Amino acid sequence: MPKAILLSNRSDFELSSYFFSFVSVLLLFFFGLLRDVISGCILMVLSEVPLTLPLLVHLDLWVIYCKKFLPPIIQNNYGKWKYHENPRPGVLLHVSESGDKLWSVRAASPRLIATDTIRWYAEMAKKYAGGYLRFTSRNNVEFLVTEEKNIDPLIDELTKQGYPVGGTGNAISNIVHTQGWVHCHSAATDASGIVKCVMDDLTPYFTSMKLPGKLRIALACCLNMCGAVHCSDIAILGIHRHAPSTKHDQVKKICEIPSVVSACPTAAIRPATVDDNQSVEVLEENCMYCANCYTVCPAMPLNDPETDGVSIWVGGKVSNARTEPRFSKLAIPFLPNNPPRWPEVTETVRKLVEIWAAGARKYERMGDWIERIGWPRFFKLAGIEFQKQHIDDFKHAGLTFKRSTHLRFDKE
Ligand code: SF4
Ligand code: SF4
């Protein structure tokens, strides 16, 4: 029966109750919003009253207008910046309409830092930058300097202390990364360890601006990807290579079976009785080794020192300058975990950087360069063999396939 007829058959009572539900939802939404705005304003005012701030912070109820943390020069010139330039590696100069100048001096910092390091940064900021610094999204520390004469002594002190200055313009910025073995139970590789080795090797590309364009490297220690590996020029991604090994005698004691089943994004887990234990079974062919089940059920560990390792992805970017943002794609399916210096990963990343640097045009990001020369040629230059893992067989892969009818013929 057509829908219109069905609707017209509904009683007036039914229709008016729909109407009232709709209006109530709107009112609730409106008053909820109003309540949040009013309570936010009250908390903001309260946070200005001496001694109430620690209480609000303790109760996790504080709202502070972020503009008050900005250096005076930024507050005074808010929205009035005329242009910026990059006078030397690691130094950005912003010039305002009023003629005010602000130099940001960028240094590489490890992502996990000791309180001593933070105190030292604060001391440097007090000495040279009026007490102001900030951290970039890629874990660089930037000192906001208003007096040009302070730039050289600040850079000298940073360099002497072992923090290279650079990462601006056509350079590699610091590597954004995740927790690694230090902190996360799902990690298939370490984070800080590999990042230290790779950046030790690539420091000359951080402290200079000799690359064709910007290069962003990211690391995530499992495919949950807390790092920006899905959209970086080169991504280092830790991978597990088999399904979780279930300890059937423990599942019922320490896990909630319905939660475990629903935690799996690919529906690979179902309840099962194994050796008289109420437990679960994993359909290996559906498992993508993501460790979500391990997060909710410690009886399903996935980590394996023999088979865990690293994959390398390339060509992603967030920027929409010149070409659209794009996802990284798999280049190398597996490299072994080889601590403490991860020579295989370090060497591979360096090779990728160098073939891109040798072949790319000015300002061409890695993904743009690969698209221009073609993936077959890129694989050849990088010495990568095509393997079955390069085939995107994810069940929604159709959405990510290139669907254009344009074909490109390679001369070779
Ligand atoms: Fe944990 Fe995975 Fe995130 Fe690494 S990427 S911190 S292993 S969830
Ligand atoms: Fe599912 Fe991920 Fe566990 Fe595999 S590892 S069973 S995909 S939750």
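The structure presented is a predicted model; accordingly, all values stated were derived computationally and were not measured. Order of listing sets the numbers, starting from 1, for every ligand and every atom in it.
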Under a 4.5 Å cut-off applied to non-hydrogen side-chain atoms, are His240 and Asn303 in contact?
-> yes
Counting backbone and side-chain atoms alike, does Cys290 have an N/O/S atom under 2.8 Å from atom 4 (Fe) of ligand 2?
-> no
Pick one of side chain, backbone, both or neither for how Ile269 approaches ligand 2, counting any non-hydrogen atom pair under 4.0 Å.
-> side chain
Under 4.0 Å from any heavy atom of Thr266, which atoms of ligand 2 are there?
-> 7 (S)
Nearest-contact summary for atom 1 (Fe) of ligand 2 - protein heavy atom, Å | Cys264 SG, 2.3 Å
Would you call Arg106 and Glu142 a salt bridge, using N to O less than 4.0 angstrom?
-> yes
Can you find a heavy atom in the side chain of Glu123 that is under 4.5 Å from one in the side chain of Lys126?
-> no
Neighbour count >12 (heavy atoms, 6.0 Å) for atom CD, Glu285 | yes
Are Val105 and Tyr128 close enough that some pair of their side-chain heavy atoms sits under 4.5 Å apart?
-> no
Using only the SG atoms, decide whether Cys290 and Cys222 are less than 2.5 Å apart.
-> no
Minimum-distance protein heavy atom relative to atom 4 (Fe) of ligand 2 | Cys287 SG, 2.3 Å
Do Ile312 and Ile236 have side-chain heavy atoms sitting under 4.5 Å apart?
-> yes
What residue pairs, at least two apart or across chains, pass side-chain hydrogen bond (donor to acceptor under 3.5 Å, both in side chains) with a residue in residues 195-205?
-> Lys196-Asp200, Asp200-Arg341, Asp201-Arg350, Tyr205-Glu354
Taking the side chain from Asn174 and the backbone from Val176, do they hold a donor-acceptor pair closer than 3.5 Å?
-> no
Proximal ligand 2 atoms for Val282, defined as those under 4.0 Å from one of its heavy atoms = 6 (S)
Heavy atom of the protein closest to atom 3 (Fe) of ligand 2 (residue, atom name, distance) | Cys293 SG, 2.3 Å
Provide the protein N, O or S atoms situated under 2.8 Å from atom 2 (Fe) of ligand 1; waters are not included.
-> Cys222 SG
